Participant: 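To start, I am sharing the structure in question, which I have written as structure tokens.
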Amino acid sequence: MFQNLSKIEIICLGILVMCLLKHVIRFFQARLALKWIPGPQASSLIWGEEWQLYYSLPGSPYLKWHKEFGKVVRISGVFGHQILSITDPCAISFILGEATYNFPKPNGVREWFKATLGEGILWVKAKEAHEKQRRTLAPALSQQSVRNLTHIFYETSTKLASQWTKLVDHSHTGEIEIEVTNWVGRFALDTIGRAAFLYDFDCLSGEPHALAETLDGLTNNENKLSSFYMRALFWTFPSVLCIGQKGEMIRRSKKELGEIASKMWRDAKVAGDAEGRTLMALMIKADTASGHCMNEEEIVSQMRTTISAGYETVSAIIAWVLYELSQSPQLQADLREETSTSRESCFDELNNRYPLLDAVLKETLRLHPAILENHHEAASTMLVPLSEPLPGTSDTHLVIPKGTTIAIPLNVLHTDPAIWGPDANEFRPQRWIERKNAGIRDDRELLAFSKGPRSCIGKAFALAEIKALTVTLLRHFAFSCPHEIEPFQSFVIRPRVKGQGPSSLPLLVRKL
Ligand code: HEM
């Protein structure tokens with residue numbers, strides 16, 4: 001059978017068989033090691049639970065499984081790939097904290113970031129390389145830097161408010177229905193463009209905008225079959241990201257963002273950023289001080305990452321804040337009263353003076369975490385501590401075999417009645433004020449920005465930006481929602497009118 005093959009072909013075939021064998025052995029070892037962990041029967045031999053996870057209400061299968069099986073649940077992914085869904089606090093602290101570099105992002109997720117953004121901080125894996133990138137970005141996104149950018153947040157907020165004023169004025173009734181997700185996406189893009197490199201994408205002019213549409217098309221998927229195949233398969237076969245229409249979109253958005261970042265970098269080198277306040281200027285300064293000096297491609301990857309990270313999540317959270325406000329005229333009135341003395345451009349005021357505003361934002365992040373599942377992968381076989389033994393055992397440690405995917409489902413943690421009380425599923429901002437009065441540290445159980453060395457580095461930026469917009473919009477408008485809204489899974493969790501295609505949040509906007 002092999003007599004017609006050359007020596008080289010036989011060697012290649014041998015290597016291929018060895019690789020396959022290695023995978024099969026690892027697969028069965030993992031299955032064996034995790035066999036005793038409880039979990040649902042795989043509903044499909046090929047797709048495992050991916051089908052259920054994609055087509056159910058976002059996160060709802062996790063709620064069911066954890067209720068039935070406890071804090072560590074074994075589920076199957078595509079072709080029987082083993083996934084552990086973990087809500088045990090001790091294990092989570094270990095995975096996100098001291099062992100974070102033993103639990104990098106899964107290969108498929110890293111390939112997605114590499115394909116869309118380049119080899120920036122969201123892609124980098126090794127401890128030393130990550131720490132170096134983090135040190136370069138940290139000064140640009142520190143509280144002090146964000147303080148200096150706050151005027152930009154107010155300027156873009158005012159621009160959005162004046163566009164909506166024009167729309168309302170056209171209606172002659174003082175009220176109009178506005179699809180807000182598209183507008184807040186444009187707001188987030190203009191804001192991050194100006195903050196990153198004083199570049200105005202000018203999305204808020206309201207005209208069709210190629211970059212805004214490309215970025216939106218990349219991640220704002222309807223529940224299409226093609227999107228399901230891509231989501232289900234990219235864990236195991238990351239190269240699916242390069243094929244078809246989606247692959248084309250990925251390449252286009254990477255190219256477009258790259259061209260803008262390159263141009264900005266070259267312009268900055270010629271003109272200089274007089275006060276050195278943009279994210280790019282501060283990043284280059286920190287990099288030069290470290291003696292490293294990134295090349296153009298490294299800077300461009302970092303800028304693409306910052307823009308994308310600052311666009312997608314922020315716009316989703318703003319949409320959910322507006323949705324929650326639209327459900328309660330009283331809450332809008334209370335917030336208006338609290339922030340009526342607000343002076344524009346004052347970062348410290350936004351940060352410290354408005355407990356209700358702060359509570360509304362935290363409650364939104366709790367019930368609508370943009371990134372619902374925090375995914376990791378065991379880089380080697382690891383012994384993970386547990387706060388309590390698994391059902392039927394007395395061991396407070398868990399052996400996680402190399403290659404196992406870990407999912408941390410935020411919706412389960414954020415609605416756990418043991419932490420949040422019997423009204424855990426209710427939107428009740430006041431709980432944050434009560435928690436503060438009871439001396440409970442704010443962010444202990446809120447994982448929307450993750451925690452540990454790889455937690456969100458743009459948190460201060462995001463909070464100030466969203467608060468500035470909320471204050472500005474409430475000063476001009478009142479909101480109500482005439483539609484039934486549901487969460488749906490695109491790249492992040494976005495709102496949409498129940499049963500409809502991609503993300504949408506039509507709100508009735510009334511001028512005050
Ligand atoms: C409400 C808005 C935001 C949310 C909910 C959010 C959430 C997160 C989460 C959960 C992570 C950890 C991801 C992981 O472990 O895989 C993360 C990382 C990151 N975020 Fe954010 N983010 C937000 C806004 C921003 C903004 C505005 C920026 C930049 C201007 C930003 C930049 C980053 C970067 C660079 C990382 C990677 C950090 C690292 O790997 O060390 N984020 N974000």
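Only a predicted model underlies this, so the values are computations on that prediction, with no experimental measurement involved. Every number for a ligand or one of its atoms is a count from 1 in the order of the listing. Counting from 1, the numbers follow the sequence of the chain as shown. Only heavy atoms go into these numbers, but all of them, side chains included; no hydrogens, no water, no symmetry mates.
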Participant: Can you check which of G310, G120, A370, A138 brings a heavy atom nearest to atom 26 (C) of ligand 1?
Facilitator: G310

Participant: Before accepting this row, confirm whether a basic side-chain N of the pair R74/E49 lies closer than 4.0 Å to the acidic partner's carboxylate O.
Facilitator: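 No, R74 and E49 are not salt-bridged.
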
Participant: Would you mind telling me if ligand 1 is within reach of the side chain of R134, the backbone, both or neither, using heavy atoms under 4.0 Å?
Facilitator: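 The answer is the side chain.
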
Participant: Using a 4.0 Å heavy-atom cut-off, which part of S455 comes near ligand 1: side chain, backbone, both, or neither?
Facilitator: backbone

Participant: For ligand 1, does L279 get within less than 4.0 Å through its side chain, its backbone, both, or neither, judged by non-hydrogen atoms?
Facilitator: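 For L279, no heavy atom sits under 4.0 Å from ligand 1.
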
Participant: Please identify which atoms of ligand 1 are closer than 4.0 Å to at least one heavy atom of F461.
Facilitator: 27 (C)

Participant: For atom 15 (O) of ligand 1, tell me which residue out of I457, V109, N374, L137 has the closest non-hydrogen atom.
Facilitator: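 Heavy atom nearest to atom 15 (O) of ligand 1 belongs to N374.
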
Participant: Take atom 37 (C) of ligand 1 and look for protein heavy atoms under 4.0 Å from it; say yes if you find one, no if not.
Facilitator: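 Under 4.0 Å from atom 37 (C) of ligand 1, at least one protein heavy atom found.
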
Participant: Give the residue and atom name of whichever protein heavy atom lies nearest to atom 9 (C) of ligand 1, and the separation in Å to one decimal.
Facilitator: I371 CD1, 3.9 Å

Participant: Return the closest protein heavy atom for atom 14 (C) of ligand 1 as residue, atom name and distance.
Facilitator: K105 CE, 3.9 Å

Participant: Taking only heavy atoms of I121, which atoms of ligand 1 are found under 4.0 Å from at least one of them?
Facilitator: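 What qualifies from ligand 1 is 35 (C), 39 (C), 40 (O), 41 (O).
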
Participant: Of the choices C456, A448, P104, which has the non-hydrogen atom that lies closest to atom 20 (N) of ligand 1?
Facilitator: C456

Participant: Parallel, tilted or perpendicular for F461 and F153, by the 30°/60° rule?
Facilitator: perpendicular

Participant: Does a side-chain N-to-carboxylate-O contact under 4.0 Å join E363 and R366?
Facilitator: yes

Participant: Would you kindly specify which portion of F449 sits under 4.0 Å from ligand 1, judged on non-hydrogen atoms: side chain, backbone, both or neither?
Facilitator: both

Participant: Please confirm whether H376 comes within less than 3.5 Å of ligand 1 when only nitrogen or oxygen atoms on both sides are compared.
Facilitator: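 In this structure, H376 places no N or O atom under 3.5 Å from an N or O of ligand 1.
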
Participant: Of H130, K459, E465, which has the heavy atom at the shortest distance from atom 39 (C) of ligand 1?
Facilitator: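 Heavy atom nearest to atom 39 (C) of ligand 1 belongs to H130.
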
Participant: Would you call R110 and E377 a salt bridge, using N to O less than 4.0 angstrom?
Facilitator: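 Salt bridge absent between R110 and E377.
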
Participant: Measure from atom 23 (C) of ligand 1 to every heavy atom in T313, I466, L463 and give the option owning the shortest one.
Facilitator: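 The option holding the nearest heavy atom is T313.
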
Participant: Taking 4.0 angstrom as the limit and counting only heavy atoms of I317, give me the atoms of ligand 1 inside it, by number and element.
Facilitator: 1 (C)

Participant: Any idea which part of I192 is under 4.0 Å from ligand 1, heavy-atom wise: side chain, backbone, both or neither?
Facilitator: side chain

Participant: Looking only at heavy atoms, is any part of V124 under 4.0 Å from ligand 1, and if so is it the side chain, the backbone, or both, or is it neither?
Facilitator: neither

Participant: Just jot down the ligand 1 atoms closer than 4.0 angstrom to any heavy atom of L141, in number order.
Facilitator: 30 (C)

Participant: For the side chain of Q133 and the backbone of I121, is there at least one donor-acceptor N/O pair under 3.5 Å apart?
Facilitator: yes

Participant: Heavy-atom distances under 4.0 Å decide this one: backbone, side chain, both or neither, for A309 against ligand 1?
Facilitator: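 The answer is both, backbone and side chain.
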
